[in-house]
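Residue numbers begin at 1 in each chain, while the letters A, B, ... track the order of the sequences. What you see below is based on every heavy atom in this structure, not just the backbone, and it leaves out hydrogens, waters and symmetry mates. Being a predicted model, the structure only gives us computed values, none of them experimental.
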Protein chains: 4
Amino acid sequence: MTKDINKRRRRKDARPSEIIAAAFGEFEDKGFGGTTLGSIAARAGISRTTIYLYFDTKEAIFEAAMRGSVEQTIDAAAMVVQQAHGDFRTVFSHVVDMIYARLVTGDASVLLRVLVAEGHEMQSLVALYRHEILSKGESTIRALIERGIAAGELAEEARSYDVRLLVSPAIFVAIWMRVFAQVEPLEVDAFKASHIKLVCDALIQSKA
Amino acid sequence: MTKDINKRRRRKDARPSEIIAAAFGEFEDKGFGGTTLGSIAARAGISRTTIYLYFDTKEAIFEAAMRGSVEQTIDAAAMVVQQAHGDFRTVFSHVVDMIYARLVTGDASVLLRVLVAEGHEMQSLVALYRHEILSKGESTIRALIERGIAAGELAEEARSYDVRLLVSPAIFVAIWMRVFAQVEPLEVDAFKASHIKLVCDALIQSKA
Amino acid sequence: MTKDINKRRRRKDARPSEIIAAAFGEFEDKGFGGTTLGSIAARAGISRTTIYLYFDTKEAIFEAAMRGSVEQTIDAAAMVVQQAHGDFRTVFSHVVDMIYARLVTGDASVLLRVLVAEGHEMQSLVALYRHEILSKGESTIRALIERGIAAGELAEEARSYDVRLLVSPAIFVAIWMRVFAQVEPLEVDAFKASHIKLVCDALIQSKA
Amino acid sequence: MTKDINKRRRRKDARPSEIIAAAFGEFEDKGFGGTTLGSIAARAGISRTTIYLYFDTKEAIFEAAMRGSVEQTIDAAAMVVQQAHGDFRTVFSHVVDMIYARLVTGDASVLLRVLVAEGHEMQSLVALYRHEILSKGESTIRALIERGIAAGELAEEARSYDVRLLVSPAIFVAIWMRVFAQVEPLEVDAFKASHIKLVCDALIQSKA
DNA sequence: TATGAATGAGTGTTCATTCAT
DNA sequence: TATGAATGAACACTCATTCAT
């Protein structure tokens, strides 16, 4: 009997995240507008109306799903920052690795899709993303560059670049994989190496 | 009387493009799925059913709108290719200028939005875009690099970069403007200059 | 110039019947509800709105078409009555011939279709048909039987049959041809002969 | 609680047939094309969208309704065949009774209406009806005639009649009742007796 | 006379959401 | 907790009809 209660409680606690997981997959495949509660329910193996026990509206599910994704991204970013030891090329490579991992194959690809498609009506999500993730990423890279300059590895001039530019190709890859992958594949690892090389060649110019 | 006829004819001739213009705006705001014929009609100042005098289905409107956009992009690309005279930095700047103009403020931003959000179900549009535009842009830039190498301006090594990488930051700007512009602006011209500088610094660097 | 006027007048006079003819074909194919003004116009080779110069509503076209058909049937019936000379078998054969001709391949097949499908809302048409055609046909056949009895060809008992019964198989054929012809054909002439034989065998039998 | 569940279940189980019944009436009155889901829903006392819980499309409702009708007809026909004992006149009377019952006042009248009016686009229904009902009826009557000949009741010549002819007046009655009943009634029983008499007088000719 | 332009009412169908159990 | 039943609002699309020329 205790077991039953536990099982039920476990069930109860798990439900919301099961629903979010199912919803996440649907949003990834079809976007917000194209996703129906029926398809989420089917994917979660529950009834359509059960969803309403945990979420008030379709928007609420969406926000929960996106918030979860953002949080994972925040965690990943924090982890990278902590490990930031070594010369510019090495650390920058790690940062770029992480970004590709999340944007191209991870949760953030859904965020990208959704923000591009429906970001207009989701300014709070946009602001959250901006402040929790992008700004931290920006300052991390900026600090990285400063360190490189201080260490004599990078030219003073490196400071003049918009740091968003240095990681921006990752967005291109994420979009290419989403949109054009079926028509023409893109070798992500090669592209990523190309990306890192381009940035380092430009910034570490003083090594010459 | 001639005037009347003219007015009417002018109206008739203008209607399709009026509808396309209205539809274009709606697609930009809400994507294909989120756009209703009612909203297109309202924006065009006509009745919902009037649209059916000129287009058979919602898809037909969409295709007409996208086709127009793709054609404009093709024309713009062709123009750039013709004007491709001068050293690498100059010509590459022109190319990047054109891409930003179309992707960030021009028609192509709708394409980006729609392809990212709903490209899955629009493989024909994806293929059209891929073959008519992207591949031409790619070979143009590749030729540009070869010319730079031949002229001794660029190192042989320049060949090793994925050419898509060299223009990829433009996508980032397009997305930033769409998604984050209201939360935090981005100075497009400065970013673009930064972009051009990064690429040229990396590619032309060896000449030093 | 006189010619032009004539031509135009001829045109003007012909239009309504052209429209009716076109409408007739459409009603035959698709019934009243299934016929659109567009299809009538297309079949008549004119514009949809031109129809409104001659008819106020779709119903008006329909009534005109049905009325025309009824009138033709009346004429055909009158002709048969006039030619009613000879013994019962001969005259009855002529009558049945006429009925089959009109019901199975002629105008009346449309009437049948339409009355069955939409007769409810067309009681005036139904009444017209009833009084102008059916009742005359009935009395014609009744007279024919009386003549046969008077001539000793038929038994007195022949009077006891409902005269509608004697021609009723024609309706069956009309319906079969419309509904089942494609699935399984029916030899109209053989069936008609069978029909005539059945009636005559039953009525004239007593003479033996 | 059990009651409640039962009530609910009874409701759920009853709904489809309630809908079919409502639809049946509408199809009878207005045909397939003329019937709207709104009118079916109104007649069934439910919302238009509730219908979609039980049927996928309007066609599905129609098919279910027709299938039910066809099945009832098949059952009725089978019953008649089983009871086929006695002389020709008796058995034939039973067969005709059944046909009139179904065609004139029963379900099959809808089938008649719909097949006449819209059979063109419903070839599968036509084929079903042809193969499941008409062909069986045909062979039943043919067997009946053979038995009558074998028993010396009917002349060999009876074989020469198209068997469809022998029951065809039933169609006439069905149509008369649908179309002309309000303008001029028809005594179905008297007509039916007349019908039976005509056929028997013609076939049992050898009794003379 | 003839027509192209325009539209309001209506069709089948989908879906997020509510309610009773 | 969980769900099946039910529905109102909305959508793409059709069509008879009106209007201006």
Side-chain angles (χ1 to χ4, degrees), chain A residues 8-9 11-12 15 33-41 45-61, chain B residues 1-9 11-12 15 33-41 45-61, chain C residues 8-9 11-13 15 33-41 45-61, chain D residues 1-9 11-13 15 33-41 45-61:
Chain A
R8 197 185 286 188
R9 166 150 313 167
R11 203 68 212 244
K12 179 185 166 187
R15 269 286 136 83
T35 293
T36 72
L37 285 182
S39 66
I40 294 175
I46 59 175
S47 158
R48 211 159 68 249
T49 52
T50 299
I51 295 176
Y52 283 93
L53 296 176
Y54 303 97
F55 300 94
D56 281 346
T57 64
K58 193 181 164 189
E59 266 88 5
I61 306 170
Chain B
M1 202 168 107
T2 311
K3 238 177 200 166
D4 285 349
I5 287 179
N6 278 354
K7 201 164 85 181
R8 208 154 227 265
R9 168 149 314 169
R11 203 65 215 245
K12 182 193 168 183
R15 268 284 136 82
T35 293
T36 73
L37 286 178
S39 66
I40 294 175
I46 58 177
S47 156
R48 212 156 69 250
T49 54
T50 299
I51 295 175
Y52 283 94
L53 295 177
Y54 303 96
F55 299 94
D56 282 344
T57 63
K58 192 182 165 188
E59 264 89 4
I61 305 171
Chain C
R8 197 184 286 191
R9 165 147 318 167
R11 202 67 212 244
K12 179 185 167 185
D13 294 348
R15 269 287 137 84
T35 294
T36 70
L37 286 180
S39 66
I40 294 175
I46 59 176
S47 158
R48 212 159 66 251
T49 52
T50 299
I51 295 176
Y52 283 92
L53 296 177
Y54 303 97
F55 301 94
D56 280 346
T57 63
K58 193 182 164 189
E59 267 86 5
I61 305 170
Chain D
M1 207 169 105
T2 313
K3 239 177 200 167
D4 286 349
I5 287 178
N6 279 353
K7 203 164 85 182
R8 210 155 225 262
R9 168 149 313 166
R11 203 67 215 246
K12 183 194 167 184
D13 292 349
R15 268 287 133 81
T35 293
T36 73
L37 286 178
S39 67
I40 294 175
I46 57 177
S47 155
R48 208 157 75 251
T49 54
T50 299
I51 295 176
Y52 282 92
L53 295 177
Y54 303 96
F55 300 94
D56 281 345
T57 63
K58 192 182 166 190
E59 264 89 4
I61 305 171

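For the pair A/Y54 OH and F/dA2 C1', the interatomic distance rounds to 8 Å; values are reported in whole Å. Look at CZ on C/F55: it is 19 Å from C1' on F/dT18, rounded to the nearest Å.
For the side chain to side chain contact (heavy atoms under 4.5 Å, CB included) test, residues two or more places apart in sequence or in another chain that qualify with C/T50 are C/I46, C/S47, C/L53, C/Y54.
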- prompt: Starting at the 5' end of DNA chain E, what dot-bracket string do you get if Watson-Crick and G-U pairs under 3.5 Å are bracketed, crossing pairs use [ ], other-strand pairs use | and unpaired bases use dots?
  reply: .||||||||||||||||||||
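Taking CZ of B/F55 as the start and CG of B/L37 as the end, the distance is 11.0 Å to the nearest 0.5 Å. Interatomic distance, B/I51 CD1 to B/I61 CD1, rounded to the nearest 0.5 Å: 5.0 Å. Note that the OG1 atom of C/T36 and the NZ atom of C/K58 stand 7.5 Å from one another [nearest 0.5 Å].
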- request: Any chance you could list the contact pattern along nucleotides 7-12 of chain E? Use B for base contacts, S for sugar-phosphate-only contacts and - for none, protein heavy atoms under 4.0 Å, 5' to 3'.
  value: BBBBSS
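Of all the heavy atoms in D/A60 and D/D56, the pair that sits closest is CB-N, 4.1 Å.
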